[in-house]
Amino acid sequence: MHEAYDFEAIQEKWLPIWDQIEPFKSGRSSDVRPKKYVLDMFPYPSGDLHMGHAEAYALGDVIARYWVQKGFNVMHPIGWDSFGLPAENAAIKRGTDPKAWTYENIEMQKSSMRRYACSFDWDRTLHTSDPEYYKWNQWLFLELYKKGLAYRKDSAVNWCPSCQTVLANEQVVAGLCERCDTAVTKKKLNQWYLKITDYADRLLDDMADLEGKWPEKVLMMQRNWIGRSTGAEVTFEIEGRAEPLTVYTTRPDTLHGATFIVVAVDSALAAELAAGSSIQGNFTEYLEKTKAASDIDRLATDRPKSGVFLERYAINPVNGEKLPIWASDYVLADYGTGAIMAVPAHDQRDLDFARAMHLNVRTVVETGEDDPSISGIATIGDGIIVNSGSLNGLSKEKAINKIIEELSAKGLGKGAKNYRLRDWLISRQRFWGTPIPIIHCEKCGEVAVPEAQLPVQLPDATGMDLKPKGSSPLGAADAWVNVKCPQCGADAKRDADTMDTFFDSSWYFLRYTSVQFDDRAFDQDEVKSWLPVDQYVGGVTHAILHLLYSRFFTKVLHDLGYLDFEEPFTRLLNQGMVQMDGSAMSKSRGNLVRLSDELNTHGVDAIRLSLVFAGPPEDDIDWADVSPSGSFKFLNRAWRVSGDVTSNPGVDFSTGDLALRKITAKSLFDISFAVESFRFNVAVARIMELVNATRKAIDSGCGGADPAVREAAEAIAISLSLVAPYTAEDMWERLGHKPAIALAGWPAIDSALLEADSVTAVLQINGKIKDRIEVSPNISDADLEKLGLANEAIKAELGGAEIKKLIVRAPKLVNIVI
RNA sequence: GCCCCGAUAGCCCAAUGGCAGAGGCAGAGGACUUAAAAUCCUCCCAGUGUGGGUUCGACCCCCACUCGGGGCACCA
């Protein structure tokens, strides 16, 4: 009897049966299993699934299926992040509605996911572009608005000339649009912002709880991004101006070393100080030049310093010195107060500026390094404070505390914090997104759309011009945009911008608990019973944007009383990327490996196995290093084991071959441990070992009739079901069981089988191995020492040498130092 | 420039202070076969990037460096 392992037949056979059984349904009220929430980042429907999706979903599936086997009621939902630019761009290109393109792609991805045997609960899907979903975006926006966390302001914003829309700070990468790599420019616009900066401290400090549960890399990136710095604000009088000037500094200890003041050239203060003065012309010219420069130019740190002296002076509050005030582009208008005290001796940027403009340099920290005014290198380190009156002789830290105290007492300054994080700009001048539920009325101003009128639905795109032209296409949809003011009834206009799609994805994990619920965004009881997410799986590309925003929303919803937790994702796993020949797969590079081709050639299970086995999940996979045919061969081998088992289901395992039983028990133990610590590649290796051992037992050991062989084969099938569900299900049937193997339950391990009869102890002299002996695992130190010293190889090696030290670690080793 | 992570066989990767090799890929030989494929068996291969240190003992801990990957970067 040697039927062939036919992956296509197996796939076709089991898929419809699973559809009937629905082993992964998580919403049954009668379900008494403890709950677990395993979440994969939802995809953007830009086409069919690709290799990257395949890896992520294979990994998420191992985790979800494992917890189901362990007896948990696992919620493992999927949905689509279906608003966004690609749909709109495709629609423009083809002259169709973004909706049609989007939902066609969703159907395609959905059917690929089913075939890929993802253990999703299909009753919980959502699409962010459904009015039933984005209605709650609008509700949430209004909640934020009522709390003052959503506001409009005029500001010079990041503008992508190619996408013709504004971008959040987070979407600008090295001065380029993250989507299309066009150089981002600045544009003065009135836009909607969310006050994420109000949460900066909590977003930063609460990361302590995620330590060890999220990848260190992600925590570090978020810390960098929030960029909290501590220091002080110091007030300087300006000659001839009633209002003083405040600067932010991290080094108030160097206040006596300040020799000039710099204000951001594009700040209001600079314009005011320059107004009407003799240098007004120079200033304006410099300002225009700065504005024309792209971010990339402006951010280049090796650029020579430039600036204009404003012919005004500030007074140093600690020593009364007159400090010239300069305007320069190296000070940023939107960080701190937009003005700095320059301490050239101890800040490289200030020193570069001082040397370019021939300004004074005064050392106030004695660090033992060369004089900065001669070396041109600012001394940043700690040292003894000098030339600083009451601070003289102190260390940096003590001086900082003291000067803050002194300034506070006189009302001239105070301790202060600053953040790199800016408020989140959410307006987008595009069509395919959630309309902002605000109506602009000439009389009443901004008016929130009443909750009863939500959702503000997108109009049909048919006949609309969606081409990017710098203003929202919705603004031209007259029938849509013109409304009556909900407050006074006068003619008014809808806000024509749509929301950044990151808004949509910042709370979708809550909606999964109650996708049909139409009273609220989510059912609070359901959320309470499922959230926070136990395990989140997704790419590191979202390390800042999506994860930071989701954490922010969770904290806001907590504060609004809707949630009783403050962090949405308890554990996070970042999978690496799938590459080809060392670089990202792409059509233009010509190194694209099509997932569907691979699935057709090798089968779903072989591809899933290859991706899981390729290495640690967080490492990048190079498809050139992967052998799907090798995976297929292994599955074949495992599957054939099930055909060689001749005992019946239910046979008493305890009468089986002890050696094989021990291997099975150890394997199950190791596989569990490896899965729970995300070392899926190691788990697979352990399954391979078990298959090898079972093969050997069948062919040249206890034989296929031994109950231990059945025990091993069932263990193989169940553990393999995490990675290769089709093969495992078929094995399960061949072993005489009914589907679904997904619900078979993780085999119980008899702990007695985990204890070894004997272990190998190593005998060392000076740390070098001289012999190995088999001993009882329970041997005492004294007995092991005796055995070691009596050992022939050791005795021969020792000769008559004096033993200086003896280290015994029963039952593993004896080390004799001579 | 600052910060983080990594480096083990031809290749992908195991080994969480105690035997460097679990698993796989590639390669070689053999069994089976008329033959091939498939299958099965056997074999080959490094002393852990470099240099120091701690330790009875270091791939593992510490320091410095090299190379690779990533993050931040005129944020005062």
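Letters go in sequence order (proteins before strands), and every chain restarts at 1.
Distance, I671(A) CD1 to G23(B) P: 14 Å, rounded to whole Å. Computed from coordinates, the I716(A) CD1 to G23(B) P distance equals 15 Å when rounded to whole Å. Rounded to whole angstrom, the span from the CZ atom of R223(A) across to the C1' atom of C2(B) amounts to 17 Å. Put simply, CE on M688(A) is 13 Å from C1' on A14(B), counting in whole angstrom units. Remark: P of C40(B) and CG of N636(A) are 8 Å apart, rounded to the nearest angstrom. Distance CG (D620(A)) to C1' (C5(B)): 12 Å, rounded to an integer number of Å. Here the C1' atom of nucleotide A14(B) and the CD atom of E689(A) are 10 Å apart, to the nearest Å. Between I765(A) atom CD1 and C56(B) atom C1' the separation is 12 Å, expressed in whole Å.
Using cut-offs of 30° and 60° on the angle between ring planes, the pair F678(A) and F680(A) is tilted. Between Y5(A) and F632(A), the angle of the ring planes lies from 30° to 60°, which puts this pair in the tilted group.
Taking 3.5 Å as the limit, the base of C74(B) and the side chain of K305(A) contain a donor-acceptor pair of atoms between them.
Using a 90° window around 0 for the glycosidic torsion, G49(B) falls outside it and is classed as anti.
Side-chain polar atoms of N692(A) and R637(A) form a donor-acceptor pair below 3.5 angstrom. Side-chain contact annotation: N418(A) with S229(A), donor-acceptor N/O pair under 3.5 Å absent.
Under the Watson-Crick and G-U wobble criteria, each requiring two contacts below 3.5 Å, nucleotide G47(B) is left unpaired. Across all strands shown, C56(B) forms a Watson-Crick or G-U wobble pair, both distances under 3.5 Å, with G18(B). Pair check for U39(B) finds A31(B); Watson-Crick or G-U wobble, both atom distances under 3.5 Å. Across all strands shown, the partner of U66(B) is A7(B), judged by Watson-Crick or G-U wobble contacts whose two distances both fall under 3.5 Å. When both pairing distances are held under 3.5 Å, A76(B) makes no Watson-Crick or G-U pair with any nucleotide shown.
As judged by a 4.0 angstrom heavy-atom cut-off over every strand, N418(A) is placed among residues making no nucleic acid contact. At a threshold of 4.0 angstrom between heavy atoms, the contacts of N692(A) are confined to the sugar-phosphate backbone, with no base atom among them. Nucleic acid contact class of R637(A) (heavy atoms, under 4.0 Å, all strands): sugar-phosphate only. Residue-level contact check: Q764(A) touches the bases, meaning some heavy atom is under 4.0 Å from a base atom. At the heavy-atom level, F613(A) lies under 4.0 Å from base atoms of the strands shown.
Taking only side-chain nitrogens and oxygens, Y335(A) comes nearer than 4.0 Å to OP1 or OP2 of A76(B). Contact between the side-chain N/O atoms of N815(A) and the OP1/OP2 oxygens of G18(B) is not found at any separation under 4.0 Å. In terms of phosphate contacts, S627(A) brings no side-chain nitrogen or oxygen within less than 4.0 Å of OP1 or OP2 of C12(B).
The P atoms of C45(B) and A28(B) are separated by 16 Å, rounded to the nearest whole Å. On the P atoms, U50(B) is 39 Å away from A38(B), given to the nearest whole Å. The gap from the C1' atom of U39(B) to that of G69(B) amounts to 42 Å, rounded to the nearest Å. If you take atom C1' in A76(B) and the same atom in C62(B), they sit 35 Å apart, rounded to whole Å. Remark: the separation of the C1' atoms in C61(B) and C67(B) is 23 Å, to the nearest Å. U54(B) and C63(B) have their P atoms separated by 15 Å, given to the nearest Å. Separating the P atom of G24(B) from that of G17(B) is a span of 27 Å, rounded to the nearest Å. Using P as the reference atom, C60(B) and A15(B) are 15 Å apart when rounded to the nearest Å.
Nearest nucleotide to the R640(A) side chain, out of C13(B), G18(B), U39(B): U39(B). For I544(A), whose side chain is taken as the heavy atoms from C-beta onward, the closest listed nucleotide among A76(B), C72(B), G18(B) is C72(B). You'll find that the side chain of D619(A) is closest to C13(B), out of C13(B), G71(B), G24(B). Checking A76(B), G70(B), C74(B) against the side-chain heavy atoms of T249(A) singles out A76(B) as nearest. The side chain of M220(A) has C3(B) as its nearest neighbour among A76(B), C3(B), U42(B). Each of A22(B), U16(B), C56(B) was ranked by its minimum atom distance to the side chain of K805(A); first place goes to C56(B). Among the nucleotides G18(B), C19(B), A15(B), the one closest to the side chain of I807(A) is G18(B). Closest to the D625(A) side chain, of the nucleotides C12(B), G23(B), G18(B), is C12(B). Closest contact between the side chain of W225(A) and the listed nucleotides A14(B), C72(B), C56(B) involves C72(B).
Side-chain N or O atoms of H346(A) include one that pairs as donor or acceptor with a backbone N or O of V364(A) at under 3.5 Å. E618(A) places no side-chain N or O within 3.5 Å of a backbone atom of N574(A) that could act as its donor or acceptor partner.
Each of V762(A) and R686(A) lies near RNA chain B, and the nucleotide nearest V762(A) is the one positioned closer to the 5' end. Between A685(A) and T230(A), the residue anchored nearer the 5' end of RNA chain B, judged by the nucleotide with its closest heavy atom, is A685(A).
Few gaps surround OH on Y335(A); more than 12 heavy atoms of other groups in view lie less than 6.0 Å from it. The local environment of CD in E397(A) is sparse, with at most 12 non-hydrogen atoms from other residues, nucleotides or ligands closer than 6.0 Å.
A centroid separation of less than 6.0 Å is found between the aromatic rings of F353(A) and F260(A).
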